[in-house]
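Please read the structure below before turning to the comments.
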Number of protein chains: 2
Amino acid sequence: MAVTIKDVAKAANVAPSTVSRVIANHPRISERTKKKVREAMENLGYHPNFIARSLANQSTQVLGLVMPGSTEVFFQNPFFPTVLRGLSEGADEKQYALQLTTGKTEEEIYNGVVQMVQGGRVDGVVLLYSKVEDRLLMYLKERNFPFVMIGKPFKYVEEITHVDNDNFRATKEVAQYMLDLGHERIAFIGGDLNLVVTVERLLGYEKALRQAGIPLRDDYIIHEEFLREGGREAVNELMMLKEPPTALIVVDDLMALGVLNTLDEMNIRVPEDISIISFNNVLMTEMSKPPLTSVDINIFDLGFQAAKSLIQRIENPKEPIKRVIVPHEIVKRCSCSERNE
Amino acid sequence: MAVTIKDVAKAANVAPSTVSRVIANHPRISERTKKKVREAMENLGYHPNFIARSLANQSTQVLGLVMPGSTEVFFQNPFFPTVLRGLSEGADEKQYALQLTTGKTEEEIYNGVVQMVQGGRVDGVVLLYSKVEDRLLMYLKERNFPFVMIGKPFKYVEEITHVDNDNFRATKEVAQYMLDLGHERIAFIGGDLNLVVTVERLLGYEKALRQAGIPLRDDYIIHEEFLREGGREAVNELMMLKEPPTALIVVDDLMALGVLNTLDEMNIRVPEDISIISFNNVLMTEMSKPPLTSVDINIFDLGFQAAKSLIQRIENPKEPIKRVIVPHEIVKRCSCSERNE
DNA sequence: TTGTAAGCGTTATCAC
DNA sequence: GTGATAACGCTTACAA
């Protein structure tokens, strides 16, 4: 059995409560006893028991991370490890630990989170996504349980602490960039329409075109659920059109890679024949052929800020709801060029 | 305040212990009381408190995951999310949760794990790597704390539960494959020499060449710590040689991608001028130009088996140490061809 | 079959 | 300043 606070107390000839106070660095404890107790702790190799502490405190110093339902797809995306690294650093700074939800289906995940929350395993929860329809979100909101969302809430924007890019503006800028290069036949290859990020980006794209007086075409807007394969599919559809686009806006680098591959097989050159821009700016964008122009959304920061916001929310529940917008930036590489007629 | 076992007891007109027994599905409880209690739980919306349970049981149903010191590099590798998915499924099956260690430096991680372990936060620990020299390993081993390693232990192979590929044999096969294609000038581009996997693969490579009667050349063996950049570096060195190799064995797909890029810049064609094979068979290998021949090491399974082995170890500490070897397979794509003189 | 009560390792509220 | 003691929510002998 491990050495407890009582053992230390005995060894140092004080009461357990005194030991507890020394650990907490309570102010009114004489330096002498502090030293005495600390020595005893050292000698016995004492380490505080988190579980007991959690029970007494009603707080665990653990943050729960919630993946979207389609774990398999999500895990494949370089977005995940990077945001995780950000979360990890943010949590670490304040001495919080990270716990993952497991579960493959949406149902399993929901139940897992409910257990986590009601079971008192975590002090707060990070939603790593934002869906249009989300039971879990409603659950957390109703309980008033501390949570933060990475992405923009579909509803209740003012009532939910979240960390996000301005995806609407980013995509508007991206479309404008293509317009400035002389493109007019600009297609949009989006992801799962249940994700708010897809919606936001689509709206930004539409806005830019509309402002430029270019009519929107349904056949230029495609949504694919899977990343790599999705890219292939989309290109196949678009290139069959009588008037194929000369520029593509792709909502994910991985998908863009699929696009690039398929285009290559079709002997369509990038950027000479068609321009491509995508989102996330993950490592691989540098290594593709040609290197992809991509919007850096600061994934690490998304995670880092989310952890910090959540912890703040946990520790100061009275403070007002916070929204953090992480800046983005178009990183120009070699996949876009002026339109050649 | 949340609803507790006592509230349920009151509502059902039984003692708290009875409620506890119902939860545990204790055999000698009458069906009638079971029903009564369950209804009360339902009505009150009762959820067991994991923390309290953990304290009473001295067990948390949580597994700790330990990253190698160089978190940043590790997170970038597609290996990580895949192994995590495997761990997640393995843990989920037995209703265990996953907790991550945070911390950037090796020192921070070490302390984090010690806290986790001594603080009773986790029932067992997964080491996601195997290093030649490892303080943490020694620490866990000395305490006899349940843990499992993904990779081959450098020492105490018989005494440590681990899940691994047969990397020695795999690399021998890979080298043999190159030999069979007529290559004799085969170079090896390895990773961090502190990782056992690098060592094992190097040994397999050497063995194959020696068996074929081909003298080992120091200048054909290169080790790089970082993945992408490492690939570039290595190619630069190798191609400067008077007798550059005609085949490359690269220990990581990501590194191989860097290799491919650099080669392309040098106008060296793959596989016409040089053949390449790498390890891990991550998604990107299919998408590179040309698609990479790679050794599938079943990363998901490594994680899955690790979780299962660890849980078994936790629940049956008496059982003998287990070693699981996950099979590998060379997935032939387009980056290797017969040697052209 | 069920109830009583001690215990898990802390923290926190009183006293002194 | 420090020491008793109750409390956190659950499990588990031991009784009944």
Side-chain angles (χ1 to χ4, degrees), chain A residues 1-38 40-41 44-62 95 115-123 315, chain B residues 1-38 40-41 44-62 95 115-123 315:
Chain A
M1 183 95 318
V3 25
T4 77
I5 219 172
K6 286 183 190 166
D7 303 319
V8 177
K10 248 172 231 157
N13 249 309
V14 295
S17 47
T18 304
V19 177
S20 175
R21 283 189 267 253
V22 172
I23 295 169
N25 220 329
H26 199 100
R28 354 182 230 277
I29 285 275
S30 74
E31 280 306 321
R32 247 193 63 226
T33 16
K34 271 190 192 169
K35 179 168 292 177
K36 206 169 52 176
V37 170
R38 290 207 176 110
M41 298 200 306
L44 300 179
Y46 169 79
H47 283 265
N49 182 312
F50 279 107
I51 303 299
R53 178 179 285 181
S54 298
L55 185 59
N57 279 335
Q58 301 287 72
S59 113
T60 58
Q61 300 265 112
V62 178
Q95 305 274 53
Q115 279 201 9
M116 229 185 199
V117 168
Q118 309 261 18
R121 270 207 216 255
V122 296
D123 293 344
E315 296 180 348
Chain B
M1 185 96 320
V3 27
T4 78
I5 217 172
K6 285 184 192 165
D7 303 319
V8 178
K10 247 171 233 157
N13 249 311
V14 295
S17 50
T18 304
V19 178
S20 175
R21 283 188 267 255
V22 172
I23 294 169
N25 220 329
H26 200 98
R28 12 179 216 274
I29 286 276
S30 75
E31 280 305 323
R32 244 194 64 227
T33 17
K34 271 189 192 170
K35 179 168 293 176
K36 205 170 53 177
V37 169
R38 289 207 176 110
M41 298 199 308
L44 300 179
Y46 169 79
H47 284 264
N49 182 312
F50 278 107
I51 302 299
R53 179 181 283 182
S54 297
L55 186 59
N57 280 336
Q58 302 286 71
S59 113
T60 58
Q61 299 266 109
V62 177
Q95 305 275 52
Q115 279 202 8
M116 229 186 201
V117 168
Q118 309 261 18
R121 269 209 220 253
V122 295
D123 293 343
E315 296 181 349

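Here is the naming used below: chain letters follow the sequence lines, and residue numbers restart at 1 for every chain.
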Would you say B:Val8 and B:Val3 make side-chain contact, with heavy atoms under 4.5 Å?
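Yes, their side chains come closer than 4.5 Å.
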Any non-hydrogen side-chain atom of B:Ile23 less than 4.5 Å from a side-chain atom of B:Ile5?
yes
Going 5' to 3' through nucleotides 10-16 of chain C, assign each nucleotide B (protein heavy atom under 4.0 Å from a base atom), S (under 4.0 Å only from sugar-phosphate atoms) or - (no protein heavy atom that close).
BBBB---
Restricting to salt bridge (charged side-chain N to carboxylate O under 4.0 Å, His left out), what partner residues turn up for A:Lys35, sequence neighbours left out?
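For A:Lys35, no residue satisfies salt bridge (charged side-chain N to carboxylate O under 4.0 Å, His left out) once neighbours in sequence are set aside.
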With distance as the sole criterion, is a donor-acceptor pair present between the side chains of A:Ser17 and A:Ser20 under 3.5 Å?
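Side chains of A:Ser17 and A:Ser20: no pair found under 3.5 Å.
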Based on the rotation axes of five pairs at each end, what angle does the helix from C:dT1-D:dA16 to C:dC16-D:dG1 bend through, to 10°?
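Nearest ten degrees gives 40° for this helix.
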Just the rounded figure in Å: distance from [atom2] of [N] to [atom1] of [X].
X	N	atom1	atom2	result
A:Met41	C:dG9	CE	C1'	15 Å
A:Leu55	D:dT11	CG	P	12 Å
B:His26	D:dT12	NE2	C1'	9 Å
B:Gln58	C:dG9	CD	C1'	8 Å
B:Lys10	D:dG9	NZ	C1'	13 Å

Atom CZ in B:Phe50, atom CG in A:Leu55: separation rounded to 0.5 Å?
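It comes to 14.0 Å.
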Quick check against the 3.5 Å criterion: does [X] have a side-chain atom that pairs as donor or acceptor with the backbone of [Y]?
X	Y	answer
B:Asp123	B:Ser59	no
B:Thr60	B:Arg121	yes
A:Asp7	A:Thr4	yes

Residues of residues 27-37 of chain B with any non-hydrogen atom less than 4.0 angstrom from an atom of DNA chain C: list those, numerically ordered, please.
B:Arg28, B:Ile29, B:Ser30, B:Thr33
Heavy-atom closest pair, residues B:Lys6 and B:Pro16
CG-CG, 4.3 Å
What pairs meet the salt bridge (charged side-chain N to carboxylate O under 4.0 Å, His left out) rule with one or both residues in residues 23-32 of chain B, with sequence neighbours excluded?
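As it turns out, the salt bridge (charged side-chain N to carboxylate O under 4.0 Å, His left out) pairs with a partner in residues 23-32 of chain B, which skip direct neighbours, are B:Glu31-B:Lys34.
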By side chain to side chain contact (heavy atoms under 4.5 Å, CB included) - contacts of A:Asn49 (at least two apart)
A:Ile51, A:Ala52
Have a look at B:Asp7 and say if it touches a base, only the backbone sugar-phosphate, or nothing, with a 4.0 Å heavy-atom cut-off.
nothing
